[in-house]
Amino acid sequence: MEELLTDVTVGVQFVDAVDGQDGMAAAENEMGKCKRVLVRERPEYVCACYASCVRALRQALLVGEFPLLLLEDDAALESPCKAHMSRGELRMGGSADLVVLANGSAPPPADDGDWLVRGSNTGNWGNAGLLVPSADSASRLVDFLLSTWRDRGAAHVDWVLQRDFVRAGGEVQHASPPLFGWRAGESDILGKHRAAKRCRDA
């Protein structure tokens, strides 16, 4: 990520993630107690990923500079989607609380040719690149993540942001096809390696 962002002219800050190997205790130290864990496999890593997203959004609110581009450490910015890069500009709708820029299973492209489509409450998981338009949106996301954690239990953070938040009335939009892909990297299964996901026609 440091190599990718060397020539970027906007301000960049790195966030120390919550270490998955520290288990549930680290996540609860960040966000408080949760009533239950809704994932059966790798719960300590899933919960640490959830807490890391909350930490990043909180740090962004402290810095106070929006819109916010939130990148996970495996985002492949060097692989932009040609379909999007051929456009003169990419305008964002004014109603979105969250725009998902890189997703392994983005919804089908819009019929009207727009580069963004509204999210649904099923499918569409992946958080390699998220765009948060405003501090108000970031605050809503943090509040929703924390209330979901405490009241309903811990789940995958991409499920909560892209499915549950929509069900609760949040506005989530997706770049379709994804704006960029992501690299192969270490899985949240310790010692395993996952394949790289590339955006279509990259």
Side-chain angles (χ1 to χ4, degrees), residues 1-31 39 41-81 84-85 98-106 124-133 137-138 141-142 145-146 149 154-163 165 172 174-175 177-200 202:
M1 290 305 291
E2 288 182 25
E3 291 175 1
L4 273 179
L5 298 170
T6 297
D7 297 326
V8 175
T9 57
V10 297
V12 173
Q13 289 204 12
F14 288 85
V15 179
D16 290 326
V18 177
D19 193 331
Q21 295 186 75
D22 291 341
M24 176 65 77
E28 290 191 331
N29 184 59
E30 185 78 20
M31 301 181 294
V39 290
E41 297 181 357
R42 314 180 304 280
E44 62 274 24
Y45 299 104
V46 169
C47 294
C49 185
Y50 195 114
S52 297
C53 184
V54 170
R55 178 179 289 183
L57 287 167
R58 282 172 163 169
Q59 182 168 320
L61 285 166
L62 288 174
V63 173
E65 295 182 6
F66 290 87
L68 164 72
L69 177 61
L70 185 61
L71 300 173
E72 292 189 349
D73 60 358
D74 54 358
L77 301 180
E78 74 274 30
S79 302
C81 180
H84 295 319
M85 294 302 100
L98 178 69
V99 180
V100 183
L101 297 177
N103 195 328
S105 57
N124 312 324
W125 318 127
N127 284 344
L130 301 175
L131 184 65
V132 183
S137 294
L141 291 169
V142 170
L145 287 169
L146 291 176
W149 169 269
H156 295 276
V157 68
D158 47 358
W159 291 8
V160 175
L161 286 175
Q162 298 183 42
R163 179 191 66 188
F165 186 60
V172 178
H174 295 259
L179 187 65
F180 51 86
W182 55 92
R183 300 188 193 89
E186 295 306 313
S187 172
D188 58 1
I189 305 173
L190 204 60
K192 300 291 184 180
H193 203 69
R194 65 170 179 263
K197 298 272 188 179
R198 312 288 278 191
C199 54
R200 282 170 285 186

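- Expressed to the nearest 0.5 Å, how far CZ of Phe14 lies from CG of Asp73 amounts to 10.0 Å.
- Between Val39 and Glu41 the shortest side-chain heavy-atom distance does not fall below 4.5 Å.
- Cys47 SG to Glu30 CD: the interatomic distance, rounded to the nearest 0.5 Å, is 12.5 Å.
- Considering only heavy atoms from C-beta on, Asn127 stays 4.5 Å or farther from Cys49 through its side chain.
- Here the closest non-hydrogen pair linking Cys81 and Pro178 is CB-O, 3.3 Å.
- Taking CG of Leu57 as the start and CG of Leu98 as the end, the distance is 8.5 Å to the nearest 0.5 Å.
- The two residues Tyr50 and Leu145 have their closest heavy-atom pair at OH-O, 2.6 Å.
- Residues meeting the side chain to side chain contact (heavy atoms under 4.5 Å, CB included) test with Ala175, sequence neighbours left out: His84, Leu101, Trp115, Leu116, Leu179.
- Remark: Glu44 pairs with no residue by the side chain to side chain donor-acceptor pair (under 3.5 Å) rule, at least two apart or across chains.
- Residues Val46 and Trp159 form no side-chain contact, since every pair of their non-hydrogen atoms from C-beta on lies 4.5 Å or further apart.
- For the atom pair CD (Gln59) and CG (Leu70), the distance works out to 10.0 Å, reported to the nearest 0.5 Å.
- Within the structure, no pair that satisfies the salt bridge (Lys or Arg N to Asp or Glu O under 4.0 Å) test touches residues 12-27, not counting sequence neighbours.
- Atom CD of Gln162 is separated from atom NE2 of His156 by 12.5 Å, given to the nearest 0.5 angstrom.
- Of all non-hydrogen atoms in Gly129 and Leu71, the two that sit nearest each other are CA-CD2, 4.1 Å.
- Between Val63 and Leu68, every side-chain heavy-atom pair lies at or beyond the 4.5 Å cut-off.
- Counting heavy atoms from C-beta on, the side chains of Leu130 and Val100 come closer than 4.5 Å.
- Rounding to the nearest 0.5 Å places CG of Leu141 at 9.5 Å from CG of Leu61.
- Among all heavy-atom pairs drawn from Ala154 and Trp149, the shortest one is CB-CZ3, 3.2 Å.
- Legend: residues meeting side chain to side chain contact (heavy atoms under 4.5 Å, CB included) with Ala48, ordered by chain and number and at least two apart, are Val18.
- Glu65 is linked by a salt bridge (Lys or Arg N to Asp or Glu O under 4.0 Å) to nothing, counting only residues two or more places apart in sequence or in another chain.
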